[in-house]
Amino acid sequence: MADLVTLPAGVAALVESGDTVALEGFTHLIPMAAGRELIRQGLRDLTLVRMTPDLVYDQLIGAGCAAKLVFSWGGNPGVGSLHRFRDAVEHGWPRSLELEEHSHAGMANRYVAGASGLPFAVLRGYAGTDLPHHTGTIRPVTCPFTGEELAAVPALRPDVGIIHAQRADRDGNVQLWGITGIQKEVVLASRRSLVTVEEIVDELDPLPGAVVLPTWAVTAVAEVPGGARPSYAQGYYERDNAAYRAWDATSRDRGAFVRWLNDELGVAHTVAEDRA
Amino acid sequence: MKPREPESAQGRWTSDDMMTVAAARALHDEAVCFVGIGLPSKAANLARRTHAPNLVLVYESGTLGSKPPVLPLSIGDGVLAETADAVVSVPEIFNYWLQPGRIDVGFLGAAQIDRFANLNTTVVGSYAAPTTRLPGAGGAPEIAASCRQVIVVVRHGTRSFVEQVDFVTSFGNGSGPGDRQRLGLRGHGPTMVITDLGVLAPDPESGELALVGIHPGVDVADVREATGWGLVVADELTVTDPPSGHELQVLHALEAATIDATADPAESADPR
């Protein structure tokens with residue numbers, strides 16, 4: 001049974017420095033509040049896993065929480081660059097960032113393998129590209145039945161998977177709908193999971209196309225209204241595109257980012273003080 | 001040589017308008033199209049509103065048959081799900097729909113493209129120490145591999161049209177004919193590259209991109225100057241029909257509706 005917790009208590013109980021953590025939500029239902037809580041709690045040396053790092057990881061990378069990033073597309077959707085991600089890769093600020101880079105198809109299959117209890121996944125992918133030359137977790141595999149050469153990628157088994165959903169009931173059953181992306185797979189692939197929700201309700205009304213994660217498949221649930229802002233939560237609020245654009249300016253400049261960290265999160269940037 | 005605004009019978013249009021219209025015309029009605037965000041999405045939505053009302057738009061967030069009333073801001077906008085025939089998970093969109101070859105056209109952009117239409121969206125410079133870190137692969141490598149054909153939309157310039165890409169994110173024709181077959185890629189690969197200056201297509205013999213069409217008001221010399229290799233020009237060069245009044249009206253209405261819907265006057269930028 002999932003525990004009903006507050007967000008700070010859930011993060012404190014489930015996440016430790018050095019963990020491999022996956023925050024998922026494909027454009028929709030991005031667990032932004034949980035990401036900010038990881039920063040507030042001063043977690044360090046995280047391996048961050050996510051198909052589309054988006055603002056949530058730009059903030060964690062800029063704050064110096066990440067040692068490594070496992071990903072497939074690192075842009076600010078519809079706006080441009082993720083400047084904190086770029087600064088870490090191009091200049092090692094605030095620290096160097098190891099990359100393990102895949103395609104979306106590869107990442108999706110890695111989560112499926114993790115959720116399925118398999119050591120690896122097989123796909124028609126990466127052929128002819130330069131990705132296998134730089135990413136050790138892409139290897140060729142020969143089909144034992146046809147002899148065809150395909151790509152193999154290892155399962156993702158994060159220590160902690162974190163997603164945001166529309167709602168849960170008081171027993172901790174979780175319901176999400178709209179674009180459900182990779183959220184079911186990340187929860188099932190992870191050793192521990194934390195789900196933030198818009199609201200906790202007495203009863204989950206059935207909805208067409210909704211994904212339900214039963215309480216016994218989830219470690220903890222925290223009610224965090226607005227927890228996906230500035231991304232969107234279908235049925236609750238729209239994407240705040242102005243905030244995505246504003247992030248471009250905030251993140252472009254180290255000083256502006258450090259001020260944002262201080263003003264919005266109450267966090268002093270320890271690296272920034274001597275190296276900004 | 002930058003944005004021209006020729007006066008035509010239909011009114012004023014920019015080289016970007018011409019590019020979008022030319023890209024939209026390349027999509028035939030009832031085609032199933034895997035759409036990248038930015039220029040490809042705008043062109044695909046224009047096509048659905050003009051000559052191709054039954055064009056099926058597929059977005060990598062898992063929406064099949066989206067009919068957005070405005071241009072989506074990202075590949076996972078709520079409007080794409082709300083107007084879709086079906087919404088599936090991300091593993092399903094790649095494994096069941098893209099991988100087996102069910103998609104007719106992959107519609108991609110790029111930061112760099114080379115003479116064999118290989119695409120780079122990963123880094124400028126070396127991978128270990130890039131001068132510019134770009135967003136990366138996303139869905140593009142498998143879109144380029146598995147769609148029946150690939151159409152690329154990219155603005156012309158010597159920074160984007162390079163002799164050799166710094167990183168092969170998505171495989172085009174490799175280094176010549178036969179490379180795709182040797183790798184077991186089942187899609188035909190790039191068939192057309194549409195820019196703000198004209199249209200390029202791979203030569204059937206060599207696999208190398210050749211200029212096959214120019215947009216009105218563009219000289220071949222302009223295109224050569226904006227291409228980072230010695231560009232082959234086809235013997236029979238077509239001149240693109242200028243945007244019709246109807247195409248321009250629908251394109252500008254679509255852009256205006258998108259601006260109204262988001263209450264944000266700035267047009268959505270290239271995803272890089």
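Keep in mind that this is a model prediction, so the values were computed, not measured. To find a chain, count down the sequence lines: A is the first, B the second, and so on, and within it residues start at 1.
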Validation row, ring centre A:Y126 to ring centre A:H102 under 6.0 Å: yes
With a sphere of 6.0 Å drawn around NE2 of B:H188, does it hold more than 12 non-hydrogen atoms of other residues, nucleotides or ligands? no
Can you say whether A:H133 sits under 4.5 Å from chain B via the side chain, the backbone, both, or neither, judging by heavy atoms? neither
Select one option (side chain, backbone, both, neither) describing which atoms of B:L183 are under 4.5 Å from chain A's heavy atoms. both
Specify which of B:G138, B:A137, B:A128, B:G136 makes the most heavy-atom pairs with chain A at under 4.5 Å. B:G138
Chain A contact via B:R186 - side chain, backbone, both or neither, heavy atoms under 4.5 Å: side chain
Please classify the contact of A:Y232 with chain B as side chain, backbone, both or neither, using a heavy-atom distance under 4.5 Å. side chain
So, do B:I113 and B:L209 sit near enough that their side-chain heavy atoms are less than 4.5 Å apart? yes
With a 4.0 Å cut-off on N to O distance, would you call B:R133 and A:E90 a salt bridge? no
Ring pair (Phe, Tyr, Trp, His ring centres under 6.0 Å) filter on B:F167, not counting sequence neighbours, yields A:H134, B:Y127
Between B:T63 and chain A, with a heavy-atom cut-off of 4.5 Å, which part of the residue counts as in contact: side chain, backbone, both or neither? side chain
Show your working on side chain to side chain contact (heavy atoms under 4.5 Å, CB included) between B:L64 and B:V88 and close with a plain yes or no. CA-CA 8 Å; B:L64 301 170; B:V88 301; 4.2 Å; yes
Could you check whether any side-chain heavy atom of B:D166 comes within less than 4.5 Å of a side-chain heavy atom of B:S126, counting everything from C-beta outward? no
Looking only at B:A81, B:P130, B:G174, B:S61, most heavy-atom pairs under 4.5 Å shared with chain A are made by B:S61
For A:F71, is it the side chain, the backbone, both, or neither that has a heavy atom closer than 4.5 Å to a heavy atom of chain B? side chain
Is B:N45 close to B:L254 at the side-chain level, that is, under 4.5 Å between some pair of heavy atoms? yes
Chain A contact via B:T169 - which portion, at a heavy-atom distance below 4.5 Å: backbone
Is there side-chain contact between B:T121 and A:W73, with heavy atoms separated by less than 4.5 Å? no
Where on A:M107 is there a heavy atom nearer than 4.5 Å to chain B: the side chain, the backbone, both, or neither? neither
Does any heavy atom of chain B fall under 4.5 Å from the side chain of A:R239, the backbone, both, or neither of them? side chain
Give, as side chain, backbone, both or neither, the part of A:E238 having an atom under 4.5 angstrom from any heavy atom of chain B. neither
In the structure I gave you, are the side-chain heavy atoms of A:N241 and B:L73 within less than 4.5 Å of one another anywhere? yes
Mind checking the CZ-CD spacing from B:F116 to B:E163? Nearest 0.5 Å is all I need. 9.0 Å
Is the closest side-chain heavy-atom distance between A:R86 and A:H91 below 4.5 Å? no
Looking at chain B, which one of A:G106, A:P77, A:A108, A:G181 has the largest number of heavy-atom pairs inside 4.5 Å, strictly under? A:G181
Which portion of A:F85 sits near chain B, non-hydrogen atoms under 4.5 angstrom: side chain
Side chains of B:S41 and B:F107: does their closest heavy-atom pair fall under 4.5 Å? no
Most chain B-contacting option - heavy-atom pairs closer than 4.5 Å, from A:L82, A:L131, A:V112, A:L150: A:L131
In terms of heavy-atom pairs under 4.5 Å with chain B, the winner among A:Q234, A:H28, A:E149, A:E101 is A:E101
Residues of residues 89-105 of chain B near chain A, each having a heavy atom less than 4.5 Å away: B:S89, B:V90, B:P91, B:F94, B:N95, B:Q99
Could A:D87 and A:R84 be called an ion pair, given the rule that one side-chain N must be under 4.0 Å from one carboxylate O? yes
